[in-house]
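Written out below as structure tokens is the structure these notes cover.
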Amino acid sequence: MTADGAGASILVVDDNPDNLRVLIRFLEEQGYTIRIAVNGEMALRSIETVSPDLILLDIHMPTLDGYEVCRRLKRNEQLSEIPIIFISALNEPFNKVRAFELGAADYIGKPFELAEVSARIGVQLRVRRAELALRQRAASSEEKYRRLVESLEQEYVFYSRAADGIFTYVSPSIVNVLGYTQAESLTHYSAYITNNPINTAAEAATQRILAGEQHPPFEIEVRHKNGTLRRLEIVENAVHDAQGTPVSVEGVAKDVTERARIEQQLRQSQKMEAIGTLAGGIAHDFNNILGGIIGFTELAYEDVAPDSPLKDRLKKVLIGTNRARDLVRQILTFSRQSEVEHQHIAPGRIVNEVLKFLRATIPRTIDIVQEIDPQVGSVMADPTEFHQIVMNLCTNAYQAMDTTGDALTVDLNSIIVDPEFAARQPNLHPGPYVKLTVSDTGCGMEQETLERIFEPFFTTKERDKGTGLGLSTVHGIVSSMGGVTTAESELGRGSTFTIYLPQVGDQVGDHTSLNAAPAYGQGERVLLVDDEAPIVQVCTEQLSRLGYEVSPFTSAVAALSSFRAEPHAYDLILSDYQMPEMSGLDLTSSVLRVRPEIPVFLVTGYGEGLTEESGRRLGARDVLFKPLSLKQLGDAIRNALDSSPLRNG
């Protein structure tokens with residue numbers, strides 16, 4: 001094996017020819033010598049003939065699975081040191097645990113990223129090289145060994161540790177990895193480690209190694225001299241005296257903090273994706289239910305006499321259902337993983353939504369004081385990102401406070417930044433801004449902590465109570481919007497965070513009143529399609545009351561057949577987006593091929609990324625989001641018909 005791993009021989013064991021083809025081509029381009037085996041028995045014969053430097057091993061294979069191949073190799077003294085990386089579509093935790101229990105060096109899930117495969121192979125080959133270097137120490141003098149390890153890459157730390165835990169040797173590269181000098185490092189291992197549970201498991205691994213067992217690489221968490229936390233990957237081997245008694249361990253440590261950070265981000269991303277999928281499914285069904293409740297309640301509200309006691313009760317039902325609708329939208333906003341889409345937004349509306357959401361979450365003993373200027377201007381931002389800014393700042397604020405006698409204050413207003421103030425704030429320019437201030441009366445911070453709060457992964461919270469990403473995320477989002485984030489704090493006197501975002505317009509209109517009158521139709525004909533019968537019923541009644549003639553369908557296929565039979569019998573089409581036989585998108589495409597000028601509305605309870613803009617690109621006149629009020633429905637249809645080429649032509 002060459003010094004940098006290129007030219008190393010790799011045995012790829014997989015019964016899938018497509019996987020073999022991809023891996024062979026890629027790894028040969030990386031400079032490795034590749035051999036292949038399509039089943040376990042063939043792999044064992046190949047290894048016994050010529051030992052590879054590393055094995056990429058599938059699990060499910062004919063004749064002999066990967067687990068058994070690994071088990072047999074680890075029982076063979078001459079072959080047990082070959083690093084094995086499992087590469088499999090079995091991604092459940094118990095599959096990975098079983099692989100590592102059998103002695104695997106690493107585990108890659110399918111479908112795999114070639115860059116990740118390359119990186120993990122490189123790590124194992126470098127570790128293998130370091131292990132070989134350590135074992136050469138027994139055949140050479142102490143000084144020769146030290147010169148060898150000290151000449152290796154500075155990303156590794158080599159050490160010797162007595163059975164009682166005292167370091168007897170640490171390579172000079174310790175200063176690059178953890179900031180300590182060699183002299184400072186010659187102490188008991190407990191001086192470095194944190195109370196992370198993985199360190200307990202790591203010490204148990206060392207004891208097993210001293211007992212003569214083979215153990216795969218493991219990780220520990222230690223504290224850098226500057227106070228930050230570092231994750232190290234450890235490979236250890238026992239050193240025996242002349243009588244064969246284990247007296248110490250020799251090890252190599254590599255800083256894998258960045259890798260651990262990426263893996264944590266991946267896990268968080270997967271978790272949020274799962275939450276988003278669940279929230280989307282719930283929202284779709286719940287919005288259909290709400291659509292019926294809101295629609296029928298509005299119709300009853302219109303039918304009841306003004307002086308009837310039912311009028312006020314129905315109004316309260318509508319207010320409650322509108323709150324339920326807003327709550328569903330907040331959940332979707334919080335969990336959504338969509339592309340950033342900057343647009344004119346009303347920041348006051350989002351701030352109020354977040355505070356309503358938080359009020360149900362934080363202790364009632366914490367007072368929420370909100371000072372929201374109703375005339376605050378608009379900003380150019382992605383609604384989800386702005387929601388995230390407010391949520392992160394408010395969450396940090398209430399977590400910094402006790403549960404009694406504290407106050408969370410949120411202030412939002414428009415200001416003019418003059419040249420003098422702009423000169424004191426880097427990246428701030430004179431002009432109109434929207435200013436968001438979040439203050440708490442909590443524990444506060446000393447100056448040293450305050451200077452580091454926007455660093456990724458820096459946190460003063462207890463373990464499992466924060467990732468250290470909240471404020472760095474806020475800072476990054478605000479900067480991408482052309483804004484500025486400032487922080488002020490004093491130990492024991494609370495903290496204040498201020499966001500300045502460029503104002504791009506006047507106030508964006510808010511929700512309409514329950515009493516606002518909808519626009520009415522003039523007998524135009526509407527083709528209505530939705531697979532939910534209650535939605536079809538309530539929309540039919542709503543449209544009829546608004547003055548339209550309605551042809552309702554619960555089948556998109558039947559609706560398309562009716563349209564094709566009489567294409568000019570309809571003035572507008574209102575279609576659900578998600579339907580079992582034919583999607584609203586397919587229906588739209590089919591309809592527009594017959595009559596390109598007819599307005600088509602797509603209606604969705606959860607559009608899975610469908611927005612007004614993307615809907616228009618796909619041919620729809622617009623996208624409407626369930627549940628729809630009578631006014632929303634009436635105004636949207638009236639505007640579409642009034643601007644139709646048929647009417648204006």
Side-chain angles (χ1 to χ4, degrees), residues 1-2 4-37 52-61 66-67 69-70 82-100 102-130 153 155-156 198 216-219 230-235 252-274 337 456-457 467 469:
M1 184 165 51
T2 61
D4 60 359
S9 63
I10 298 176
L11 175 64
V12 182
V13 188
D14 199 316
D15 63 331
N16 186 311
D18 292 333
N19 288 340
L20 287 174
R21 190 179 306 111
V22 171
L23 288 170
I24 291 170
R25 179 177 178 182
F26 177 74
L27 294 175
E28 285 182 342
E29 289 176 351
Q30 301 292 308
Y32 297 110
T33 301
I34 306 302
R35 289 155 46 206
I36 66 170
D53 294 310
L54 182 140
I55 302 170
L56 283 179
L57 182 59
D58 190 19
I59 293 177
H60 274 328
M61 294 180 296
Y67 289 138
V69 172
C70 183
I82 302 173
I84 297 174
I85 300 178
F86 276 100
I87 182 164
S88 172
L90 301 177
N91 286 319
E92 295 298 325
F94 71 86
N95 297 119
K96 299 178 182 180
V97 169
R98 185 180 179 190
F100 287 121
L102 291 172
D106 207 342
Y107 195 109
I108 301 173
K110 294 179 182 178
F112 49 79
E113 293 288 340
L114 290 174
E116 180 187 4
V117 172
S118 177
R120 290 181 181 269
I121 287 174
V123 167
Q124 295 304 324
L125 289 175
R126 289 197 297 272
V127 169
R128 174 67 172 152
R129 185 185 69 222
E153 297 170 275
E155 59 184 319
Y156 294 99
I198 70 168
F218 55 90
E219 292 185 3
R230 292 287 191 271
R231 187 66 68 96
L232 302 182
E233 184 178 71
I234 303 295
V235 176
V252 55
K254 176 177 171 59
D255 190 339
V256 293
T257 306
E258 179 65 12
R259 187 184 76 189
R261 182 185 72 82
I262 294 173
E263 289 174 348
Q264 171 63 23
Q265 282 186 333
L266 178 60
R267 286 192 294 269
Q268 182 69 11
S269 174
Q270 291 171 335
K271 181 173 71 173
M272 291 306 296
E273 183 179 353
Q337 297 293 301
F457 297 99
T467 62
L469 289 172

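Index from 1, following the sequence.
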Salt bridge (charged side-chain N to carboxylate O under 4.0 Å, His left out) partners of E116, counting only residues at least two apart: R120

How would you list, by chain and number, every residue that makes a salt bridge (charged side-chain N to carboxylate O under 4.0 Å, His left out) with E258, sequence neighbours excluded? R261

I'd like to check E233 versus V127 (side-chain heavy atoms, cut-off strictly below 4.5 Å). Are they in contact? yes

Of all heavy-atom pairs linking S9 and P52, the shortest is OG-CA, 3.3 Å

Measuring from atom CD1 of I59 to atom CG of D15, what distance do you get when rounded to the nearest 0.5 angstrom? 12.0 Å

Does any part of the side chain of V69, heavy atoms only, come nearer than 4.5 Å to the side chain of V13, both counted from C-beta? no

pair I82-D53: side-chain heavy atoms closer than 4.5 Å: no

Does a salt bridge link D14 with K110, judged by any charged N lying under 4.0 Å from a carboxylate O? yes

When rounded to the nearest 0.5 Å, the distance separating CG of L57 from CG of L11 is 8.5 Å

Salt bridge (charged side-chain N to carboxylate O under 4.0 Å, His left out) against E92, all qualifying residues, sequence neighbours excluded: none

Value rounded to 0.5 Å, distance of CZ in R98 from OH in Y107: 10.5 Å

Applying salt bridge (charged side-chain N to carboxylate O under 4.0 Å, His left out), can you list everything that pairs with E219, at least two apart in sequence or on another chain? R231, R259

Mind checking what makes side chain to side chain donor-acceptor pair (under 3.5 Å) contact with R230, not counting sequence neighbours? T228

Please report the shortest heavy-atom distance between A105 and Q124, naming the atom on each side. CB-OE1, 3.3 Å

L23/I34 under side-chain contact (heavy atoms from CB on, under 4.5 Å): CA gap, chis, key distance, verdict: CA-CA 9 Å; L23 288 170; I34 306 302; over 6 Å; no

Between atom CG of N16 and atom CZ of R21, what is the distance when rounded to the nearest 0.5 Å? 8.5 Å

Kindly say whether the aromatic ring centers of F100 and F86 come within a distance under 6.0 Å. no

Would you check, one step at a time, whether the test side-chain contact (heavy atoms from CB on, under 4.5 Å) holds for L102 with I84? CA-CA 10 Å; L102 291 172; I84 297 174; over 6 Å; no

Would you say E29 has more than 12 foreign heavy atoms packed within less than 6.0 Å of its CD? yes

Separation between CD1 of I234 and CZ of F218, rounded to the nearest 0.5 Å: 6.0 Å

When you compare the side chain of T33 with that of I10, does any pair of heavy atoms fall below 4.5 Å? no

For a side-chain contact (heavy atoms from CB on, under 4.5 Å) check, start with the C-alpha distance between H60 and L90, then their side-chain angles and the critical distance, and finish with the verdict. CA-CA 9 Å; H60 274 328; L90 301 177; 3.9 Å; yes

Taking the side chain as every heavy atom from C-beta outward, state whether D255 and L232 have any pair of such atoms under 4.5 Å apart. yes

With side chains defined as the heavy atoms from C-beta onward, is the minimum distance between I108 and I85 less than 4.5 Å? yes

Are V12 and Y32 close enough that some pair of their side-chain heavy atoms sits under 4.5 Å apart? no

Roughly how far, to the nearest 0.5 Å, is CG of L27 from OG of S118? 7.5 Å

Those residues at least two apart in sequence (or on a different chain) that pass side chain to side chain donor-acceptor pair (under 3.5 Å) with S88 are none

Please evaluate residues Q30 and I121 with respect to the criterion side-chain contact (heavy atoms from CB on, under 4.5 Å), reporting the C-alpha separation (whole Å), side-chain torsions for both, the decisive distance (0.1 Å), and the verdict. CA-CA 11 Å; Q30 301 292 308; I121 287 174; over 6 Å; no

